Amino acid sequence: MFEFSSDFDPNSLPDWLSESALGSRWKILSAFSFPNINTHLSLVLTDDESIQELNRVRRGKDYATDVLSFPLSFDLTPWELPPNKKENFGPILSLGEIVISWDTCKAQAKSIGHSEEDEFFRLFVHGFLHLIGYDHERGEEDEALMKEKEDLCLDLVLGP
């Protein structure tokens, strides 16, 4: 299951940022990451002011950021990608919530020199990896591993 909510008028967003378009990409990533397991993910698209408030309240950091993740199922031990084991999570595996700042996403895309779509899915994948236990802030080895998994997942969601 995939839920998308946004603080923006849907008519002001690009077509690829609709719930159905995002849901299609999520299905690809979810099927790869959790084969034969029903998953639930919530994605929120917000502005810099709102994400700054979330960052302040939930993490004690009073500044806007590009993406926040609030995991429900994984924390210290990352889920192996691609999975090498079968595990029973029950009828549905709730992964948590990803919050992306559309303001920061657009600014970073322009600054980096790639499309808003590429930047959005980079943030989406980054947030997803945090939900399943990856964390680049634990050290250089974990940062390298997360970068490797980001590249793998981006290839899946962006396609050839």
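Residue indices begin at 1 and follow the sequence shown. Just so it is clear, the structure is predicted and the values come from calculations on it, not from any experiment.
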**OP:** Evaluate the criterion side-chain contact (heavy atoms from CB on, under 4.5 Å) for residue pair E3 and H40; output intermediate values, then yes/no.
**Re:** CA-CA 8 Å; E3 293 180 66; H40 177 264; 2.4 Å; yes
Subject >> ILVMFWY cluster membership beyond L68 - transitive side-chain contacts under 4.5 angstrom >> reply: V44, I51, L54, F70, V99
Original post:
What pair of heavy atoms forms the shortest contact from G127 to I98, and how long is it?
Top reply: C-CD1, 3.7 Å
Subject >> Rounded distance (nearest 0.5 Å) linking atom CG of L43 with atom CZ of F2 >> reply: 4.5 Å
**OP:** Give the ring-plane orientation class for F120 versus W102, where under 30° counts as parallel, over 60° as perpendicular and anything between as tilted.
**Re:** perpendicular
**OP:** Determine whether I28 and V125 fall in the same hydrophobic cluster, where Ile, Leu, Val, Met, Phe, Trp and Tyr are linked whenever their side-chain heavy atoms lie under 4.5 Å apart.
**Re:** yes
**OP:** Return yes when atom CD of E49 has more than 12 non-hydrogen atoms of other residues, nucleotides or ligands closer than 6.0 Å, and no otherwise.
**Re:** no
Original post:
Quick one: is the NZ or CZ of R25 closer than 6.0 Å to the six-membered ring centre of F124, and within 45° of its axis?
Top reply: no
Original post:
Taking the six-membered ring for Trp, are the ring centroids of F4 and W26 within less than 6.0 Å of each other?
Top reply: no
**OP:** Would you check, one step at a time, whether the test salt bridge (Lys or Arg N to Asp or Glu O under 4.0 Å) holds for K147 with D151?
**Re:** CA-CA 6 Å; K147 173 70 173 119; D151 292 344; 2.8 Å; yes
**OP:** Measure across V67 and L123 and return the closest heavy-atom pair with its distance rounded to 0.1 Å.
**Re:** CG2-O, 3.7 Å
**OP:** Quick one: sort the F128 and F34 rings into parallel, tilted or perpendicular, breaks at 30° and 60°.
**Re:** perpendicular
Original post:
What residues form a side chain to side chain donor-acceptor pair (under 3.5 Å) with S5, not counting sequence neighbours?
Top reply: none
**OP:** Please step through side-chain contact (heavy atoms from CB on, under 4.5 Å) for the pair M146 and H130, ending with a clear verdict.
**Re:** CA-CA 9 Å; M146 188 163 174; H130 276 298; 3.6 Å; yes
Original post:
Do you know the tightest heavy-atom contact between S50 and D7?
Top reply: OG-OD2, 3.9 Å
